[in-house]
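Reading through the structure tokens given below for one structure.
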Amino acid sequence: MEPFSPQLIYIEPGALEYPLGRELKEKFEKKGLEIRETTSHNQVRNIPGNNELQQYRNAKSTLVIGVRKTLKFDTSKPSAEYAIPLATGCMGHCHYCYLQTTLGNKPYIRTYVNLEDIFDAADKYIEERNPEITRFEAACTSDIVGIDHLTHSLKKTIEHIGQTENGRLRFVTKYHHVDHLLDAKHNGNTRFRFSVNSDYVIKHFEPGTSSFLERIEAAGKVAKADYPLGFIVAPLILHENWREGYLDLFERLEATLPTFAKKDLTFELIQHRFTKTAKNVIQKRYPKTKLEMNEDERKYKWGRYGRGKYVYKDEQANELKDTIQTYIDRFFPESKIEYFT
Ligand code: SF4
């Protein structure tokens with residue numbers, strides 16, 4: 001698949017005070033793209049489209065160049081201590097995506113240009129936890145790799161964290177456009193993860209993302225560039241013939257991944273979950289989705305601030321966990337499973 005290219009650009013005036021803001025403006029002007037000014041990202045209400053659905057689709061190819069004002073980082077359990085805010089939104093169309101609700105009616109992509117402020121804040125968090133390691137997750141609110149060929153802000157973050165003693169960076173992607181990241185001076189401080197899934201899940205629920213093969217080829221390149229490598233298998237879905245589907249995934253992963261990439265591998269396992277709000281949004285945006293979201297067949301798990309989620313019932317979740325663990329032990333005996341949630 002081709003790297004993401006926005007159709008419409010908005011620039012917040014404050015963004016032009018930063019070198020990256022000016023650089024991006026110039027870059028997109030040269031490409032002849034339509035650039036509009038906006039006083040605040042909240043005012044990007046005029047995204048073209050005759051109805052909500054069209055506006056949603058157009059928003060997914062709109063890039064807002066902005067300034068990150070809140071420099072208090074969110075926590076990001078269980079994969080890291082903090083979420084480092086580099087961008088929000090994603091051009092992918094994964095039906096189950098958590099951004100459907102977290103970004104609600106702001107589905108456009110917004111990239112932040114005040115990187116120095118963000119790095120200063122990260123340094124303070126590292127300092128506070130010294131001598132403990134502080135991990136930052138860069139993919140909490142977007143698929144950052146998928147847009148980084150345009151901004152290189154992830155690359156700069158990798159290099160910044162690479163210079164620290166106790167900082168670590170991690171992110172996950174479904175895109176294979178990694179070439180510009182291969183020569184970044186990561187110093188082993190960044191764990192590069194790819195999201196993988198059964199053929200059924202990728203085919204039915206992940207439109208607008210790179211293919212399985214493209215992701216694995218990119219994983220091979222990343223491992224060759226000495227990045228610690230990992231896979232997130234998520235969302236784990238109990239679809240028809242799921243046992244065979246996931247067995248096939250691990251067989252192909254084992255067969256395709258170069259041998260040198262199999263050292264120091266990590267796996268993170270996340271079962272499918274949804275909220276009532278997410279279900280409503282998903283059904284509106286992807287009315288023909290095959291995504292199963294029947295509350296009666298799920299268990300309600302209470303969450304922070306009283307916002308709970310529907311996960312699989314214990315018996316099913318345990319079966320899922322045991323099956324996937326068995327496959328990982330069989331095909332990647334030296335790897336580490338970080339968590340199942
Ligand atoms: Fe959401 Fe990730 Fe899919 Fe983008 S690639 S739509 S962030 S799940």
Side-chain angles (χ1 to χ4, degrees), residues 1-7 53 55-64 74 76 79-80 83-112 137-151 153-154 170-178 181 192-216 218-219 222 230-237 239 249 268-275 277-279 281-286 289-291 293 309 341:
M1 89 168 283
E2 291 298 310
F4 169 63
S5 176
Q7 304 298 308
L53 208 56
Q55 272 186 322
Y56 168 69
R57 298 193 86 84
N58 289 336
K60 285 254 174 195
S61 54
T62 298
L63 181 69
V64 179
D74 282 335
S76 177
S79 86
I84 187 164
L86 301 176
T88 57
C90 175
M91 56 282 160
H93 276 277
C94 305
H95 297 184
Y96 54 73
C97 180
Y98 56 100
L99 301 180
Q100 309 277 14
T101 37
T102 49
L103 294 184
N105 46 15
K106 288 183 240 153
Y108 44 82
I109 301 158
R110 186 165 181 243
T111 186
Y112 301 120
E137 172 67 63
C140 280
T141 49
S142 76
D143 190 311
I144 190 72
V145 173
I147 52 173
D148 204 58
H149 59 284
L150 299 170
T151 64
S153 47
L154 179 63
R170 37 186 25 224
F171 46 83
V172 60
T173 186
K174 290 189 175 76
Y175 291 92
H176 71 284
H177 309 106
V178 301
L181 298 172
F192 212 127
R193 294 116 90 219
F194 287 84
S195 166
V196 289
N197 221 310
S198 70
D199 220 21
Y200 181 95
V201 173
I202 294 182
K203 187 170 147 209
H204 292 291
F205 307 130
E206 298 184 355
T209 63
S210 297
S211 70
F212 176 78
L213 208 59
E214 285 172 326
R215 295 181 208 175
I216 305 312
V222 158
F231 291 100
I232 299 197
V233 196
L236 286 159
I237 293 183
H239 57 78
L249 158 70
E268 291 153 82
L269 311 175
I270 307 173
Q271 60 168 309
H272 178 240
R273 63 216 38 227
F274 64 92
T275 60
T277 322
K279 181 177 171 177
V281 177
I282 293 166
Q283 287 177 337
K284 248 197 251 158
R285 290 176 176 171
Y286 305 102
T289 188
K290 288 180 187 299
L291 196 60
M293 291 176 288
K309 294 165 186 173
T341 178

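If you read the sequence from its start, that first residue is 1, and numbering goes on from there. Note that ligands are numbered from 1 as they come in the structure, with each ligand's atoms numbered from 1 the same way.
- Of the candidates G89, G92, P207, it is G92 that places a heavy atom closest to atom 6 (S) of ligand 1.
- Of all protein heavy atoms, the one closest to atom 2 (Fe) of ligand 1 is K174 NZ, 3.8 Å.
- A donor-acceptor pair is defined here as one N or O able to donate and one able to accept, closer than 3.5 Å; such a pair exists between the side chain of H177 and the backbone of M1.
- Inclusion of C97 in the first shell of atom 1 (Fe) of ligand 1 is supported: an N, O or S atom falls under 2.8 Å.
- In terms of modelled atom types and a separation under 3.5 Å, the side chain of R193 and the main chain of F171 share a donor-acceptor contact.
- Within a 6.0 Å radius of NZ in K309, other residues, nucleotides and ligands contribute 12 heavy atoms or fewer.
- In this structure, T141 contributes its side chain and A87 its backbone to a donor-acceptor pair below 3.5 Å.
- Judged by distance alone, with hydrogens and angles left aside, the side-chain atoms of E206 form no donor-acceptor pair with the main-chain N or O of H204 at under 3.5 Å.
- At a heavy-atom distance under 4.0 Å, only side-chain atoms of L99, from C-beta outward, approach ligand 1.
- Among protein heavy atoms, atom 4 (Fe) of ligand 1 sits closest to C90 SG, 2.2 Å.
- Looking only at heavy atoms of the protein, atom 3 (Fe) of ligand 1 is closest to C94 SG, 2.3 Å.
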